Structure formats: C-alpha cells, structure tokens
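Lettering follows sequence order; numbering is per chain, from 1. Quick caveat: nothing in here was measured; it's all calculated off a predicted structure.
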Number of protein chains: 2
Amino acid sequence: MVDKIDKQILRLLQLDAKKTTKEIAAALGLTTTPVHERIKKLEREGYIQQYSIRIDRKKVGLMMMAFCSVSLKNHERSFIEKFERDIQMLDEVIDCYHIGGMFDYLLKVLVPNMDEYQRFISKKLADLDNIGTVQSSFVMSEIKHSTQIPNQFL
Amino acid sequence: MVDKIDKQILRLLQLDAKKTTKEIAAALGLTTTPVHERIKKLEREGYIQQYSIRIDRKKVGLMMMAFCSVSLKNHERSFIEKFERDIQMLDEVIDCYHIGGMFDYLLKVLVPNMDEYQRFISKKLADLDNIGTVQSSFVMSEIKHSTQIPNQFL
DNA sequence: CTTGAAAGCCCTGAGGT
DNA sequence: ACCTCAGGGCTTTCAAG
C-alpha cells in the first residue's frame, strides 16, 4: 500500500521526473534517504511503471491524430485474441482499448498526414481478418492532455 | 530540426528517461558531451515537453476508465471557449480532444468506480452549461498503451 | 562537431537514534 | 521510519583539436 507521502512523491515525479531526491525531500520536509527508499519501493512494487519523456508530436512531423472505432465480425475468443495480437504490430496505433458500447475497440492513431492515414486504414487495418465496421474521428485540437493521474486521487 | 542522432536519443529516452547520458553515448558510439548538448537542445527547443513517470492507475485505486463523447448545444465561439475552459477544471478528465464527426469532443475520464463516474457525469459534467448529448463508452481492457511516438517515425 | 578531463553534486548504502 | 555521513558515479562545463 501507499501512504500519503508516497502519493505526494508520485505526484511530484509525475509533474517532473527529473526532480532530484534532494528536491523532493526538501518539499516534503524529509532527508534524501527515506525518499530514496520510498521511490525504490514504488518502482519495485510496480506503482511506477516507467520513466519517460513526453515528445511534441507535431515537432517530429506527426501532424495527424485520429480515433478509430472498430467492430469485429466474429466475436469468438480465438478471433478476438488474434485481433489483439495483430494490433500490437501496428506502430501507428499508440493506444487500443476494448470498450463496451456500439463498437468493440477504440484505437488512437498517429500518422504524419492524411495520405498516411488513408494508407494505414486501407492497407494495414483493412488487411487484418475479421474487421467489421471502421469509423474514424479526426482530432482537430487537443484541448487537454494532462499527466496520467488526477491530482485529487493522489 | 532534428537529425537521425537526435531521433535516436528521443527514442531511447522515451523508453527509459532514467538512462544516463553516458549509457546513451555508449549506445550511439559517442561521448557524453555531444549527447548532453543534444539533450539540452531538445529540451530548450521543446521537442522534449516533459519528463514524467507512468503510474499504474489500478494500483492507486482508479479502477474505472471511460471515454465520453460530448456534443454541445450552442457552437458560437464564446460558448466553445467557455466549455474548453471549464473542462480544464475537471480533474477526472485527463484528456480532451476537439474532434470532427458526430460529436464535438472526446473525453478520457479516470475515476475510482462506477459510483464516482455517475457522480462525475451527473454532478460535474451536466452542471456545465451548453452540454447537448453525452455518450459514455467504458474501457473493459487496455490492449495497448504504448509510449507516445511510433518508432517508425523516430 | 568532437574529445578528454576536472569540479561539484547527487545517489546510494551503512550505521545510529 | 527517520537522520547523519561518506564513497563513488554521474552530470556539467571548459579548453582544445
């Protein structure tokens, strides 16, 4: 379990993972040792899954983002598992969720431009077996892109 | 602009932001100085927007994730701007995209459980002015949750 | 744009309260 | 569970190729 101090550490690291143990300790009124041990524990027990950077996608040429709702034709277990394995191979799909509602899956897709998106849909996605309906929604602007966990829960 | 080496640095840091300058230098066959300067440049010029950690949401009690499609009643500029400002205030909304298609906005929402979700929809979201239709899709499982930028574009 | 070295700070672990 | 303290490694900077 995590206590209040652990949660504060997670919150600070979420905002800036480069913050030093020393800085975090100062912010919490502790010394570096307990902070260091808590961080190691959070890593070991999987609360912290990864240290990463957020990259400006447009600066590296990925101008187009879309959400793609997909429903399958056949819902037998083996078909579902195959689809979920295939999706892992598609680099353009950065997120994929199995959802309840009118569609089966929601995909978040990142590509350089509309041509590449069309190529993705018609050449890569449509090439998978068992694809029923596909419906695309293009992102016009990103209103909010917060860090993972709402502060009220940390 | 970023060259091939910069892109490799971004890729490595995306996978593990704790990698030391020394390790990255070794991986690229360079010394620490040029790598350090390139990283500073990538930070300064905004390619790297943030250093962060990925937290296991379920381990901190956020068992429920949902996508929420929202359409507005009134589409005048001032109403749109108000909605976009209001959304920033809602902690449970971790992502919000202005999209083209049947709805106006797609929200990614994180809450502890169904009760909290209902409270969010009926007390917080519905309390905003100008909300037309709302349609929720619950995430049953996360098939893929990759780091931001597809490797083929780095 | 590269190298190599040097100073300083940080992480990290031992031992004590 | 926290603090003090010290060793070793890393970042960061600078002079020079």
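- Protein atom NZ of K22(B) is 15 Å distant from nucleotide atom P of dT3(C), rounded to whole Å.
- Following rounding to the nearest Å, R44(A) (CZ) and dT12(C) (C1') show an atom-to-atom distance of 14 Å.
- We find that NZ of K18(B) is positioned 11 Å from C1' of dC10(C), with the value rounded to whole Å.
- With no hydrogens or angles considered, a side-chain donor-acceptor pair links S71(B) and T133(B) at under 3.5 Å.
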Each nucleotide N or O in nucleotides 13-17 of chain C that has a protein N or O under 3.5 Å away: list the pair and distance.
| from | atom 1 | to | atom 2 | distance (Å) |
| --- | --- | --- | --- | --- |
| dG13(C) | O6 | T33(A) | OG1 | 3.2 |

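- Nearest to the side-chain atoms of L30(A) among the listed nucleotides dC10(C), dC10(D), dC3(D) stands dC3(D).
- When rounded to the nearest whole Å, the span between CG of L28(A) and C1' of dC3(D) equals 15 Å.
- Between the side chain of K59(A) and the backbone N or O of E45(B), at least one donor-acceptor pair lies under 3.5 Å.
- At the phosphate of dC10(C), neither OP1 nor OP2 sits under 4.0 Å from any side-chain N or O atom of T21(A).
- Taking 4.0 angstrom as the limit, T31(B) places a side-chain polar atom (N or O) nearer than this to OP1 or OP2 of dT3(C).
- For the 3.5 Å distance criterion, the side chains of Y97(A) and K108(B) qualify, holding a donor opposite an acceptor.
- Residues F83(A) and Y105(A) place their aromatic rings such that the two centres sit under 6.0 Å apart.
- The distance from atom CZ of R38(A) to atom P of dC3(D) is 10 Å, rounded to the nearest whole Å.
- Between the side chains of Y117(A) and E92(A), no donor N or O sits under 3.5 Å from an acceptor N or O.
- E23(A) has its CD atom 13 Å from the P atom of dC9(C), to the nearest Å.
- We find that CD of E43(B) is positioned 13 Å from C1' of dT12(D), with the value rounded to whole Å.
- One finds no salt bridge joining R11(B) and D16(B) here, because no Lys/Arg side-chain nitrogen approaches an Asp/Glu carboxylate oxygen to under 4.0 Å.
- A salt bridge links R57(B) and E142(B); the closest N-O separation between the charged side-chain nitrogens and carboxylate oxygens is under 4.0 Å.
- Note: NZ (K41(A)) to P (dA1(D)) measures 8 Å, nearest angstrom.
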